[in-house]
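Keep in mind that what you see is a predicted model, and the values were worked out from it rather than measured. Residue numbers start at 1 and run along the sequence shown.
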Amino acid sequence: MDQKRTGRLGQKCVVLLVFAFSIIGCKNDPISPLKAASVLEPEQFYEFGFNLNNYVVKRDTIRKGDSFGEILQRNQIDYSKIFEITQETKDTFDIRRLQIGKPYTLLCSNDSLQQPKCFIYQPTKTDYVVINFQDSIHAYSSTKPIKYVEKEVSGIIESNISEALAKQGKSVLLAYKMSDIYAWTIDFFRLQKNDKFKVIYTEKYIDDTIYAGIENIKAAYFEHNNEPFYAFEFETDTIKRIKDYFSEEAKNLRRAFLKAPVEYKRISSRYNLNRRIALYGNRVRAHKGTDFAANIGTPIMATANGTVVESRYSKSAGNLVAVKHNSTYTTKYFHMKSRKAKIGDFVKQGDVIGWVGMTGNTSGPHVCYRFWKNGKEVDPFKQKLPEAEPISDSLKAKYLKFVKPLKVQLDDIEFILPVEENQILDIEFNQENEITLSK
């Protein structure tokens with residue numbers, strides 16, 4: 001029993017000594033008060049100018065048979081309220097313009113009822129319409145914030161430019177835009193291996209993060225058959241916001257005619273007077289047009305300024321439009337899904353005159369582009385067509401000053417060498433610790 005008491009007494013002494021030493025050790029240090037635990041505030045999410053944390057957010061798309069009233073009724077809004085909303089907002093937004101497939105958002109009360117307070121419709125990726133009925137009823141249109149980011153890309157052609165861009169994870173739309181810029185300078189369907197390119201372009205982002213495509217090409221360099229071609233975008237009319245592409249000597253790269261009536265095109269059949277068609281027993285049937293394959297609904301553009309002299313349906317050509325540009329040149333556009341231009345309309349280069357379809361005698365969606373010179377159908381790609389208006393003398397000095405830093409930037413871009421899928425690079429260090437790469 002005495003031994004147990006002695007052991008307990010010893011344990012108490014040790015505890016007292018440890019406590020004493022801890023007090024002595026902290027004597028010179030002020031005892032700091034306990035710090036309160038930090039509270040993390042919930043992250044705030046803003047979109048369309050609203051704090052989404054304050055609502056139950058419901059997102060959907062307009063479906064076949066949907067109407068503004070039916071959408072609200074499905075979400076517990078009664079007819080009288082729907083009628084009141086439509087009457088109050090009819091001068092700002094026509095609710096009958098809702099399109100199938102377009103997204104909409106409902107901001108609902110953040111409670112068990114989840115009563116809709118606001119309807120937001122997005123006709124495009126950037127534009128939206130707000131119909132707000134949580135307090136007073138009002139509607140307005142707005143645009144999401146857009147950020148523009150400058151990018152650079154370069155490459156060496158192995159087979160075609162689309163492949164060279166795809167290997168770097170770049171959009172094929174960049175190739176289409178480049179083909180439009182160099183339409184009368186370089187035939188992108190006949191590029192050579194080891195042709196080179198450099199591009200300075202701008203990408204568009206919605207809400208800082210959502211990629212929204214390529215905005216424009218600011219400057220480009222293309223080396224075709226060892227011949228260099230520069231292109232610089234320049235605004236020639238600040239009032240009408242007209243922009244064009246010019247060479248380093250201020251020569252316009254465009255001609256009076258566009259090279260193709262559609263964007264993002266592929267030539268499926270060229271002008272060929274000796275073409276044989278299997279469908280007709282492999283007999284020779286001259287094809288006096290150029291066929292540009294494109295998806296149904298693709299806009300068809302007038303290739304030059306002129307007056308519409310035909311807009312009708314033909315059994316063989318389907319829906320067609322003809323534009324007389326002057327006493328020398330006339331163009332026609334066949335197989336349209338529908339026609340926009342009417343006889344007597346004056347159209348400018350790039351104006352939409354119809355949409356790609358499959359009307360008339362055709363086996364696939366395309367536009368057959370016909371070109372007349374002095375009353376005779378000819379191949380537009382073999383004509384020496386008039387140049388577009390050159391840059392004015394008053395703007396030339398301004399242009400040359402504007403493109404000088406862009407040319408330096410282009411020249412400083414290094415070409416990205418093509419890398420084969422199975423190519424393995426060995427890294428070696430020489431005596432100076434410089435890296436060398438070898439297969």
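Other residues, nucleotides and ligands place no more than 12 heavy atoms under 6.0 Å from the CG atom of Asp393. Shown here is Lys170, whose NZ atom has more than 12 heavy atoms of other residues, nucleotides or ligands within 6.0 Å. Open room surrounds CG on Asn295; 12 or fewer heavy atoms of other groups in view lie less than 6.0 Å from it. Heavy-atom contacts from other residues, nucleotides or ligands closer than 6.0 Å to CD of Glu414 number 12 or fewer. More than 12 heavy atoms of other residues, nucleotides or ligands lie within 6.0 Å of OH in Tyr140, so this atom counts as buried by the packing criterion. Heavy atoms from other residues, nucleotides or ligands lying under 6.0 Å from NZ of Lys196 number more than 12.
Of the possible donor and acceptor atoms, one in the side chain of Gln349 sits under 3.5 Å from a partner among the backbone N and O of Ala256. Side-chain atoms of Gln168 come within 3.5 Å of backbone N or O of Ser154 as a donor-acceptor pair. Side-chain atoms of Asp345 do not come within 3.5 Å of backbone N or O of Val347 as any donor-acceptor pair. Checking side-chain atoms of Thr330 against main-chain N and O of Trp372 turns up no donor-acceptor pair under 3.5 Å. Looking at Asp195, its side chain does come within 3.5 Å of a backbone N or O of Asn225 through a donor-acceptor pair. When atom types are taken as modelled, the side chain of Thr89 and the backbone of Ile85 share a donor-acceptor pair closer than 3.5 angstrom. A donor-acceptor pair is defined here as one N or O able to donate and one able to accept, closer than 3.5 Å; such a pair exists between the side chain of Asn53 and the backbone of Phe45. Distance alone, capped at 3.5 Å, places no donor-acceptor pair between the Lys218 side chain and the Ile200 backbone. The backbone N or O of Ile343 lies less than 3.5 Å from no partner atom in the side chain of Ser311, so there is not a single donor-acceptor pair. Distance alone, capped at 3.5 Å, is enough to place a donor-acceptor pair between the Thr359 side chain and the Met336 backbone.
When all heavy atoms are compared, the tightest approach of Ile296 to Pro365 is CG1-CB, 3.6 Å. A pairwise comparison of heavy atoms in Ala175 and Ile161 identifies CB-CG2, 3.7 Å as the closest pair. A pairwise comparison of heavy atoms in Arg370 and Lys288 identifies CD-O, 3.3 Å as the closest pair. The heavy-atom pair separating Pro380 from Leu385 by the smallest distance is O-CD1, 4.1 Å. The two atoms that bring Ala139 and Ile131 nearest to each other are CB-CG1, 4.1 Å, heavy atoms only. Minimum heavy-atom separation, Ser162 to Val172: OG-CG2, 3.5 Å.
Of the charged side-chain nitrogens involved, at least one lies within less than 4.0 Å of a carboxylate oxygen, so that Glu47 and Lys144 count as a salt-bridged pair. Between Arg74 and Asp66 a salt bridge is recorded (basic side-chain N to carboxylate O distance below 4.0 Å).
Taking 4.5 Å as the limit, every side-chain heavy atom of Leu395 sits out of range of all side-chain heavy atoms of Phe402. Residues Ile353 and Lys340 have side chains not in contact (no heavy-atom distance under 4.5 Å, counting atoms from C-beta outward). Annotation: side chain of Phe232 is in contact with side chain of Leu410 (closest heavy-atom distance under 4.5 Å). For the pair Ile217/Leu174, a side-chain contact is recorded, criterion being any heavy-atom separation below 4.5 Å from C-beta on. Taking the side chain as every heavy atom from C-beta outward, Phe246 and Thr236 approach each other to under 4.5 Å. In this structure, Lys117 and Ser109 have side chains that are in contact, with non-hydrogen atoms separated by less than 4.5 Å. Under the 4.5 Å side-chain criterion, counting only non-hydrogen atoms from C-beta, Cys118 is in contact with Val130. Counting heavy atoms from C-beta on, the side chains of Leu72 and Leu106 come closer than 4.5 Å.
Once rounded to the nearest 0.5 Å, the distance linking CG of Asn194 with CD of Glu158 reads 8.5 Å. Ile62 CD1 to Ile71 CD1: the interatomic distance, rounded to the nearest 0.5 Å, is 3.5 Å. Note that CG of Asp180 is 12.0 Å distant from CG of Leu253, once rounded to the nearest 0.5 Å. Taking NZ from Lys337 and CE from Met358, the interatomic distance works out to 12.5 Å, rounded to the nearest 0.5 Å.
Sequence neighbours left out, the pairs with a member in residues 395-407 that pass side chain to side chain donor-acceptor pair (under 3.5 Å) are Lys407-Asp411. Within the structure, salt bridge (Lys or Arg N to Asp or Glu O under 4.0 Å) contacts touching residues 301-314 (residues at least two apart or in different chains) are Glu310-Arg312, Glu310-Lys332. Within the structure, no pair that satisfies the ring pair (Phe, Tyr, Trp, His ring centres under 6.0 Å) test touches residues 337-357, not counting sequence neighbours.
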Please walk me through it: do Ser171 and Tyr201 pass side-chain contact (heavy atoms from CB on, under 4.5 Å)? CA-CA 12 Å; Ser171 171; Tyr201 64 102; over 6 Å; no
Start with the C-alpha distance between Thr209 and Tyr205, add both sets of side-chain angles, then the distance that settles side-chain contact (heavy atoms from CB on, under 4.5 Å), and finish with yes or no. CA-CA 6 Å; Thr209 57; Tyr205 291 85; over 6 Å; no
Starting from the C-alpha separation in whole Å, work towards a yes-or-no answer on side-chain contact (heavy atoms from CB on, under 4.5 Å) for Leu191 and Ile186. CA-CA 8 Å; Leu191 295 178; Ile186 301 168; 3.7 Å; yes
Do Phe292 and His366 pass the side-chain contact (heavy atoms from CB on, under 4.5 Å) test, and can you show the C-alpha distance, the side-chain angles, and the key distance before you say yes or no? CA-CA 5 Å; Phe292 293 94; His366 72 281; 5.9 Å; no
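Side-chain contact annotation: Gln76 with Gln114, donor-acceptor N/O pair under 3.5 Å absent. A donor and an acceptor atom, one from each side chain of Thr331 and Tyr333, are located under 3.5 Å apart. Thr105 and Tyr128 share no side-chain donor-acceptor pair at under 3.5 Å. For the residue pair Asn216/Thr202, the side-chain donor-acceptor check at 3.5 Å is satisfied.
Classification of the Tyr221-Phe415 ring pair by plane angle, with boundaries at 30° and 60°, yields tilted. Ring orientation note: the planes of Tyr121 and Phe93 are tilted relative to one another, at an angle of 30° to 60°. Using the six-membered ring where Trp is involved, Phe229 and Tyr182 have ring planes that are perpendicular, over 60° apart on the 30 and 60° scheme. Between Phe222 and His224, the angle of the ring planes goes over 60°, which puts this pair in the perpendicular group of the 30/60° scheme.
In this structure, Phe257 has its ring center under 6.0 Å from that of Tyr329.
In summary, of the residues considered (Phe48, Phe68, Phe119), a ring pair (Phe, Tyr, Trp, His ring centres under 6.0 Å) with Tyr104 occurs for Phe119 alone.
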